[in-house]
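Structure, as structure tokens:
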Amino acid sequence: MNFVIPPPVQASIPVAGGGDFPVHRIYCVGRNYAEHAVEMGFSGREPPFFFLKPADAVVPVHEGETGTIDYPSLTRNFHHEIELVVAIGHGGRNIAAADAQSHIWGYAVGLDMTRRDLQGEMKKQGRPWCIGKAFDHSAPIGPLVPRARTGELLAGRISLAVNGSLKQQGDLRELIWSVNETIEQLSAAWDLAPGDLIFTGTPAGVGPVVPGDLMEGSIAGLGTLKVAVR
């Protein structure tokens, strides 16, 4: 191809043990833990809904390192949301939940960073949330662990501490819509492709961070993601 401007660098995240995983799209599931749904003003098992982040929102954090993100512009209420991230290795459309595992390449620990005040204002006006969710560097992610190593992740502790103080905790078994069900629902609306990432939802306890804070998010079997705000 004869590009008239230099093409952008391919967004990617590190793979545990070596290599990099190219990122195509980032899908996020809203309110997928019951207690978090309650703290956001909702309850019950509502139909799943989704929003997207741009691929270059990822902040790749290598094993043993501490990532850094800048406190973003326009907000005074910058929130952490710890999430299990699922990486798609084999795409498809209308994928049955029973077949979903064969489409997963691996799993990672991720943070869905949120400009909560801007998101809230958009909700009030009935407008899209993009300014609150899809901004630069809003998706720090740790190393991707191959499913061949982890097996299917049906349960396991998920937690996040800020400056050593526990803020969020839950268990993957508490997902309202399981990973397999989420893939089924997503693939009914979009053609999933290799390189797609799915942020699967966050447990209760979301809250603000400020410059100087250190976030440490962990998921059983996937290690710890450390990210500092500057």
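Qualifying side chain to side chain contact (heavy atoms under 4.5 Å, CB included) partners for A220, counting only residues two or more places apart in sequence or in other chains: none.
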side-chain hydrogen bond (donor to acceptor under 3.5 Å, both in side chains) evaluation trace for S187 with N94: CA-CA 5 Å; S187 66; N94 293 320; 5.5 Å; no
Stepwise side-chain hydrogen bond (donor to acceptor under 3.5 Å, both in side chains) check, Q125 with E121: CA-CA 6 Å; Q125 297 180 36; E121 185 59 33; 2.8 Å; yes
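Residues R173 and L154 are not in side-chain contact: their nearest non-hydrogen atoms beyond the backbone lie 4.5 Å or more apart. You'll find the side chain of T66 stays beyond 4.5 Å of the side chain of V227, heavy atoms only.
Ionic pairing of D70 and R230 is present here: one or more N-O contacts between side-chain nitrogen and carboxylate oxygen are shorter than 4.0 angstrom. Under 4.0 Å is where a charged nitrogen must lie from a carboxylate oxygen, and between E81 and R116 at least one such pair does.
In this structure, W190 and F50 have perpendicular ring planes: the angle between them is above 60°, well past the 30° mark. Between F21 and W105, the ring-plane angle classifies as tilted under the 30° and 60° cut-offs.
In this structure, the ring of F199 has its center no less than 6.0 angstrom from the ring center of Y27.
Between the side chain of T114 and the backbone N or O of D112, at least one donor-acceptor pair lies under 3.5 Å. Remark: side-chain polar atoms of D196 are paired, donor with acceptor, to backbone N or O of R25 under 3.5 angstrom.
No path of Ile, Leu, Val, Met, Phe, Trp and Tyr side chains, each step under 4.5 Å between heavy atoms, connects I141 with I158, placing them in separate hydrophobic clusters. In the hydrophobic clustering of ILVMFWY residues, with side-chain heavy atoms under 4.5 Å counting as a link, L225 and L222 come out together. Hydrophobic clustering (ILVMFWY, side-chain heavy atoms < 4.5 Å, transitive): I88 and L172 are in one cluster. Residues I219 and L111 share a hydrophobic cluster, clusters being chains of Ile/Leu/Val/Met/Phe/Trp/Tyr side chains in contact below 4.5 Å. Under the 4.5 Å side-chain heavy-atom criterion for grouping Ile, Leu, Val, Met, Phe, Trp and Tyr, I13 is connected to V85 within one hydrophobic cluster.
Checked options L175, N32, I82; the residue passing with P203 is I82 (criterion: side-chain contact (heavy atoms from CB on, under 4.5 Å)).
Through direct or relayed side-chain contacts under 4.5 Å between Ile, Leu, Val, Met, Phe, Trp and Tyr, F51 connects to F49, W129. The hydrophobic cluster containing M1 also includes F3, under a criterion of side-chain heavy atoms closer than 4.5 Å among ILVMFWY residues, counted directly or through chains of members.
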